[in-house]
Amino acid sequence: MKKTKTLLILGSTGSIGRQSLDVAEKQGYKVDTIAAGSNYRELELQARKLSVKSAALFDEDAAKKLKENLADTDIKVYGGESGIEEAIMSSGADTAVNAIVGLAGLKPTLSCIRSKKKLALANKETLVAGGDIVKAEAKKYGVDILPVDSEHSAIFQCLQGQPPERRLKKIILTASGGPFFGMKKKDLENVTIKQALKNPNWSMGAKITVDSASMFNKGLELIEAVRLFDVSYDMVKIVVHRESIVHSAVMYEDNAVIAQLGLPDMRIPIQYALTYPDRCESPVGELDLASLGKLTFFEPDYDTFECISICKNAIKEGGLMPAAVNSANEEANSLFREGKIKFTDIPVLIKKASELIENKSDFDADDIFSIDKSVRENVRRLV
Ligand code: NAD
Ligand code: MG
């Protein structure tokens, strides 16, 4: 495996992006390219601080402003979807962190793979919607995909040192349960955006925080685990663990369970994806079990948090269904954040909008984007 020396960071202005920059600084990695959606002010500050080779923004108007602001430098500025692709293809980085939110990360993921960069992948929507395509491309180009999501990093760590016929029996995927743990469906009727944006243990971007509240995030992670570790969906057991100290675990054939623990801080999994198989000193503090006293675990409430079963059914059905529920959720999640629908409308809309698609088992990236378009339209029509 290539050792990380120079990084490309996609989504550098977001929660994972900024924490990746922090890890990069502490590890002494050079960052040669950064990209984001539209925040040209923050991208300018990052570009100057890091003296990057190139900076790219998805939003063309924001990219124009960035170009004007960086006119006194040699930094090359790219704009639009094609600009992000160009920035990736011309980057000299050996490793890419993809911390873009949503399906918007799929094309950049494929560009990173095609330019043979080792991929530290936080963008779970990419794997959920386009898992097989992404994996086939990674195999074709000989690119390693390292998980950044804390649960998947934990599982990956628990799988180290096992023989190829590892006799894995179960993956135990932990979930914080979000801010609405313990509530029933009727209690969720009138929850507010502000309440949904409060995760008990993690500080994250808005979309994933709402996904954690609806537990759609855990559904996405179930599919992510299936994709990353080549297991059947029914081997993934979800358990609510309020403290977010046990980041996930695996059970082997002999019922031995191996878990990975640590403080809830994304810089541990981000760093491991970049230094793997090495372990280096971390900016995150030590875990002190005695001071925690106890850890708690609960069965998820599948009736209240229907999004988990929606995702489970989608991976069971396969084909384009995981992509369809992901896109329906992206649309419903943003409508909720815009105050246009109720929290409890989210699962209803996802189910109705994805039921309308014509599924197929053989598909390419273009099919995913056309499903994305039609499912989003379905959601908006249903509102
Ligand atoms: P965020 O909203 O804080 O940041 C998203 C980043 O993506 C921003 O830099 C934004 O500018 C950029 N972006 C948005 N649309 C874009 C586009 N079309 N092209 C290029 N860039 C675009 O989100 P986040 O919390 O950092 O999450 C990023 C990804 O990591 C998500 O897929 C999320 O599920 C995953 N993840 C996040 C966490 C966490 O702790 N935040 C943990 C695990 C996994
Ligand atoms: Mg996670």
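Nothing fancy with the numbering, it's 1 onward along the sequence. In each ligand, atom 1 is the first atom listed, and ligand 1 is the first ligand listed. Here the structure is a predicted model, which means the values were calculated and not measured. Side chains included, hydrogens not; waters and symmetry mates left out as well; all remaining heavy atoms used.
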Find all atoms of ligand 1 within a distance of less than 4.0 Å from any non-hydrogen atom belonging to [X], and give their numbers and elements.
| X | answer |
| --- | --- |
| Met204 | 25 (O), 39 (C), 40 (O), 41 (N) |
| Ile84 | 19 (N), 20 (C) |
| Ala122 | 30 (O), 32 (O), 35 (C), 36 (N), 44 (C) |
| Met266 | 40 (O), 42 (C), 43 (C) |
| Gly14 | 1 (P), 3 (O), 4 (O), 8 (C), 9 (O), 26 (O) |
| Ala36 | 9 (O), 11 (O), 20 (C), 21 (N), 22 (C) |
| Asp149 | 43 (C), 44 (C) |
| Ile16 | 26 (O), 30 (O), 37 (C), 38 (C), 39 (C), 40 (O), 41 (N), 42 (C) |

Regarding Lys107 and the six-membered ring of Phe369, is the cationic atom NZ or CZ under 6.0 Å from the ring centre and inside 45° of its axis? yes
Phe216 ring centre to Lys218 NZ or CZ under 6.0 Å, with the angle to the axis within 45°? no
[atom]: the protein heavy-atom neighbour that sits closest, reported with distance to 0.1 Å:
| atom | answer |
| --- | --- |
| atom 10 (C) of ligand 1 | Gly37 N, 3.8 Å |
| atom 9 (O) of ligand 1 | Thr13 OG1, 2.7 Å |
| atom 14 (C) of ligand 1 | Val101 CG1, 4.0 Å |
| atom 3 (O) of ligand 1 | Ser15 N, 2.9 Å |
| atom 34 (O) of ligand 1 | Lys124 CE, 3.1 Å |
| atom 25 (O) of ligand 1 | Gly205 N, 2.8 Å |
| atom 19 (N) of ligand 1 | Phe58 CB, 3.4 Å |

Could you pull out the atom name of the N/O/S atom in [X] that is nearest the Mg ion (ligand 2)?
| X | result |
| --- | --- |
| Glu221 | OE2 |
| Glu151 | OE1 |
| Asp149 | OD1 |

Side chains of [X] and [Y], heavy atoms from C-beta outward: is any pair under 4.5 Å?
| X | Y | value |
| --- | --- | --- |
| Val77 | Ser54 | no |
| Tyr252 | Lys169 | no |
| Lys237 | Leu173 | no |

Taking only non-hydrogen atoms of Ile100, do any sit less than 4.0 angstrom from ligand 1? yes
Test your reading of the structure: does Gly11 have an N or O sitting under 3.5 Å from an N or O of ligand 1? yes
Got a second to check how far Leu356's CG is from Ser374's OG, nearest 0.5 Å? 9.0 Å
Value for SG (Cys112) from CD1 (Ile88), rounded to nearest 0.5 Å, stands at 4.5 Å
Can you tell which part of [X] has a heavy atom less than 4.0 Å from ligand 1: side chain, backbone, both or neither?
| X | answer |
| --- | --- |
| Ile208 | side chain |
| Ala99 | backbone |
| Glu125 | side chain |

Donor + acceptor pair across side chains of Asn217, Lys124 (<3.5 Å): yes
Distance-only side-chain donor-acceptor flag, Ser91 / Asp32, under 3.5 Å: yes
Charged N to carboxylate O under 4.0 angstrom, Lys26 versus Glu281? no
In terms of side-chain geometry, is the basic nitrogen of Glu44 or Arg48 positioned less than 4.0 Å from the acidic oxygen of its partner? yes
Whether Phe229 and His152 hold their rings parallel, tilted or perpendicular, with breakpoints at 30° and 60°: parallel
Look at the aromatic rings of Phe336 and Phe343 and report parallel, tilted or perpendicular, splitting at 30° and 60°. perpendicular
Give me the one residue out of Asp187, Val191, Asp301 that meets side chain to side chain contact (heavy atoms under 4.5 Å, CB included) with Phe180. Val191
